Amino acid sequence: QVELVESGGGSVQAGGSLRLSCAATEFTAREHMGWFRQAPGKEREGVADIDDDDRTVYADSVKGRFTISKDKDKNTLYLQMNSLKPEDTAMYYCAAAPSLIGLVREVPEARLYNYWGQGTQVTVSS
């Protein structure tokens, strides 16, 4: 059982930056990990994914602004968010998909991730 705890959310002005962290009890071999977000009244959206070989994919809406990374020694997943926009406002969740293996061309569907954190709120004001 993998437990995930996010931190680093907050309120920033447009153009600002935040770094989200997700502490995991373990990183299992060959798994994907991802960041998702959900704004009020909207469906959960895949933001970024990273596999065990550190290959990454991003949603078009965040390409060039967000960077997903992980520190295996610390069992921690990160999301560096730069040039934030008001439309980035949402609850951000990290997730792990131990059964998902191999290269992906886009952020996989949320249903493929088995473990989820409780979320951290990001609010961007104009």
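These figures come from a predicted structure and were not determined experimentally.
- A search for side chain to side chain donor-acceptor pair (under 3.5 Å) contacts involving Asp73 returns nothing, not counting sequence neighbours.
- With respect to Asp49 and Arg105, no salt bridge is recorded, no charged nitrogen being found less than 4.0 Å from a carboxylate O.
- Scored by the side chain to side chain donor-acceptor pair (under 3.5 Å) test, Lys42 finds no partners at all (sequence neighbours excluded).
- Here Tyr92 contributes atom OH and Glu6 contributes atom CD; the two are 12.5 Å apart, rounded to the nearest 0.5 Å.
- Scored by the side-chain contact (heavy atoms from CB on, under 4.5 Å) test, Ala14 finds Pro86, Val124 as partners (sequence neighbours excluded).
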field: Residues Thr67, Arg19; criterion side-chain contact (heavy atoms from CB on, under 4.5 Å); working and verdict
entry: CA-CA 9 Å; Thr67 303; Arg19 188 176 82 155; over 6 Å; no
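- A distance-only check finds no donor-acceptor pair linking the side chain of Lys63 to the backbone of Val57 [under 3.5 Å].
- Nearest heavy-atom pair, Gly119 versus Met91, reported as atom, atom and distance to 0.1 Å: C-SD, 3.7 Å.
- Within the structure, disulfide bond (SG atoms under 2.5 Å apart) contacts touching residues 35-67 (residues at least two apart or in different chains) do not occur.
- Not counting sequence neighbours, the partners of Arg55 by the side chain to side chain donor-acceptor pair (under 3.5 Å) test are Asp51.
- Nearest heavy atom pair, residue Ala97 against residue Leu112, reads CB-O, 3.4 Å.
- Of all non-hydrogen atoms in Ala39 and Thr89, the two that sit nearest each other are CB-O, 3.7 Å.
- Under the salt bridge (Lys or Arg N to Asp or Glu O under 4.0 Å) criterion, the residue pairs touching residues 107-119 are Glu109-Arg111, with sequence neighbours excluded.
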- request: Please assess Thr76 against Asp71 for the test side-chain hydrogen bond (donor to acceptor under 3.5 Å, both in side chains), listing each intermediate value before the final yes or no.
  value: CA-CA 5 Å; Thr76 302; Asp71 185 328; over 6 Å; no
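- Here the closest non-hydrogen pair linking Gln118 and Val5 is OE1-CA, 3.7 Å.
- One finds the CE atom of Met33 at 5.0 Å from the CG atom of Leu77 (value rounded to the nearest 0.5 Å).
- Listed for the Trp35 side chain is a donor-acceptor partner under 3.5 Å among the backbone atoms of Tyr78.
- Sequence neighbours left out, not one pair with a member in residues 37-65 passes ring pair (Phe, Tyr, Trp, His ring centres under 6.0 Å).
- Atom CD of Gln121 is surrounded by more than 12 heavy atoms from other residues, nucleotides or ligands within 6.0 Å.
- Listed by first and then second residue, the salt bridge (Lys or Arg N to Asp or Glu O under 4.0 Å) pairs that reach into residues 77-97 are Arg37-Asp88, Arg65-Asp88, sequence neighbours excluded.
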message: Please determine whether side-chain contact (heavy atoms from CB on, under 4.5 Å) holds for the pair Leu4 and Trp116, giving the CA-CA distance in whole Å, both sets of side-chain angles, and the decisive distance to 0.1 Å.
response: CA-CA 6 Å; Leu4 305 172; Trp116 292 82; 5.5 Å; no
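- Between atom CE of residue Met81 and atom CD1 of residue Ile68 there is a gap of 12.0 Å, rounded to the nearest 0.5 Å.
- Judged as a disulfide bond (SG atoms under 2.5 Å apart), the pairs with a partner in residues 35-94 (not counting sequence neighbours) are, in order, Cys22-Cys94.
- Scanning both residues, His32 and Leu100, for their nearest heavy atoms gives CD2-O, 3.1 Å.
- With rounding to the nearest 0.5 angstrom, the CG atom of Leu18 is 9.0 Å from the CZ atom of Phe66.
- Considering CD of Gln13 and OG1 of Thr123, their distance stands at 13.0 Å, rounded to 0.5 Å.
- For Asn75, the side chain to side chain donor-acceptor pair (under 3.5 Å) criterion is met by no residue, not counting sequence neighbours.
- The side-chain contact (heavy atoms from CB on, under 4.5 Å) search around Ser7 returns Ser21, not counting sequence neighbours.
- Expressed to the nearest 0.5 Å, how far CD of Gln80 lies from OG of Ser69 amounts to 8.0 Å.
- In this structure, the ring pair (Phe, Tyr, Trp, His ring centres under 6.0 Å) partners of Tyr113, at least two apart in sequence or on a different chain, are Phe36.
- The two atoms that bring Val2 and Thr25 nearest to each other are CA-OG1, 3.6 Å, heavy atoms only.
- Considering only heavy atoms from C-beta on, Val107 stays 4.5 Å or farther from Val47 through its side chain.
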